[in-house]
Amino acid sequence: MNSQTNRAIGVFDSGIGGLTVVRSLMERLPFENIIYFGDTARVPYGVKSVETINRYAAEITEFLIKKDVKLLVVACNTMAAVAHQTIVDLSHVPVAAVASQKIVETVPVLEVIDASARIAIQKTRTKSIGVIGTPATINSNAYARAIHLLDKEAKVFSQACPLLVPLVEEGWFDHPATRLIVQEYLKPVIAEQVDTLVLGCTHYPLLKPLLQDILGNGVNLIDSAEAMADIAADLIDQQKIGNKNSSPPEYTFYVSDLPYRFQTIGERFMGRTLGRVELVSL
Ligand code: DGL
């Protein structure tokens with residue numbers, strides 16, 4: 001492992017959704033190299049067991065550590081919610097041994113839940129906050145815990161929305177079927193009159209216009225991809241690990257299933273061509 005600041009940021013996700021985080025990172029940190037891993041062969045994670053999600057998260061972390069990344073960004077809310085500790089445990093990398101003592105470098109790990117919770121608490125006026133996410137994220141209670149750590153009085157109303165990931169992957173961002181399903185999912189949250197809604201899943205930023213239309217402009221939408229880009233920029237600044245090269249950055253995408261679908265949908269997610277996408281098996 002080397003100390004050069006041009007080492008890439010490693011971003012990982014269960015599939016394609018983490019590209020919303022990559023898009024925010026590219027805008028916020030335009031000189032940083034990025035290596036992305038999307039587990040397209042095993043997506044979705046949001047409906048899988050905690051044990052399985054932890055096992056997958058460990059394999060991806062090991063893959064990116066071998067790529068010598070300088071920072072690990074867990075784009076996937078589901079992995080952040082249930083496998084954060086597993087990822088942190090693997091982020092301590094032995095780099096040398098001196099007199100039989102191991103020297104360890106710790107690769108910083110950023111996860112989105114704390115960042116989104118902070119922004120939600122800053123934005124809410126009524127302390128009534130809604131959270132939407134995959135079943136695994138909502139069942140973990142990770143968002144409610146993070147919000148209550150910041151403000152014990154906040155009221156959190158969580159709603160799992162398992163059908164939204166496939167609808168977004170289909171590109172149905174403003175389809176009548178999506179509108180109907182979103183309205184149904186949001187009924188209990190709207191009934192509680194939340195003034196802030198955390199979009200606790202990589203895919204939901206693509207539904208922002210629809211969600212805002214249904215909820216009205218009085219409700220703040222907390223975009224977890226933007227929250228992640230903000231904390232990544234702060235950490236890079238604090239630790240002085242920003243890339244000093246001003247040459248165009250390199251973006252490399254690895255996937256675990258044939259790249260064609262990733263490339264096509266990914267370009268829709270990103271609004272730009274992706275470039276190199278490589279198939280790897282973990
Ligand atoms: N990336 C997941 C998340 O943010 C959504 C897709 C999945 O279920 O794997 O929760």
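First listed ligand is number 1; within each ligand, the first listed atom is number 1. In this text the structure is predicted, and so the values were computed from the model without any measurement.
Close approach of ligand 1 to C201 (heavy-atom distance below 4.0 Å) involves ligand atoms 3 (C), 4 (O), 5 (C), 10 (O). Of all atoms in ligand 1, numbered sequentially from 1 with element shown, those under 4.0 Å from a heavy atom of V43 are 9 (O). Against a heavy-atom cut-off of under 4.0 Å, Y45 is close to the following atoms of ligand 1: 7 (C), 8 (O), 9 (O). Heavy-atom contacts of P44 reach the following atoms of ligand 1: 7 (C), 8 (O), 9 (O) (cutoff under 4.0 Å). Near D13, meaning under 4.0 Å from one of its heavy atoms, ligand 1 places the atoms 1 (N).
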Legend entry - Residue pair V73, M228: steps toward the side chain to side chain contact (heavy atoms under 4.5 Å, CB included) verdict: CA-CA 8 Å; V73 170; M228 179 57 99; 3.7 Å; yes
Inset, instruction - For side chain to side chain contact (heavy atoms under 4.5 Å, CB included), just list the numbers for L164 and Y204, CA-CA rounded to whole Å, side-chain angles, deciding distance to a tenth of an Å, and then say yes or no. - result: CA-CA 8 Å; L164 298 191; Y204 302 170; 3.7 Å; yes
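Across D13, N77, T78, D39, a single residue satisfies side-chain hydrogen bond (donor to acceptor under 3.5 Å, both in side chains) together with Y45, and that is D39. Partner Y254 forms a ring pair (Phe, Tyr, Trp, His ring centres under 6.0 Å) with one of Y36, F37, F63 and no other, that one being F63.
Annotation: atom 8 (O) of ligand 1 to nearest protein heavy atom, G46 N, 2.8 Å. Protein heavy atom closest to atom 6 (C) of ligand 1, with residue, atom name and distance, is S14 OG, 3.5 Å.
Closest approach of S91 to L72, counting heavy atoms only: CB-CD1, 4.4 Å. Taking every heavy atom of both residues into account, L199 and K208 meet most closely at CD1-CG, 3.9 Å.
In this comparison of V47, L164, T78, I16, the heavy atom closest to atom 3 (C) of ligand 1 sits on T78.
Of the possible polar contacts, none joining the K155 side chain to the E192 backbone as a donor-acceptor pair under 3.5 Å is found.
Note: no N/O pair closer than 3.5 Å links H203 and ligand 1 by distance alone.
Proximity of T202 to ligand 1, defined as any heavy-atom pair under 4.0 Å, is shared by backbone and side chain alike.
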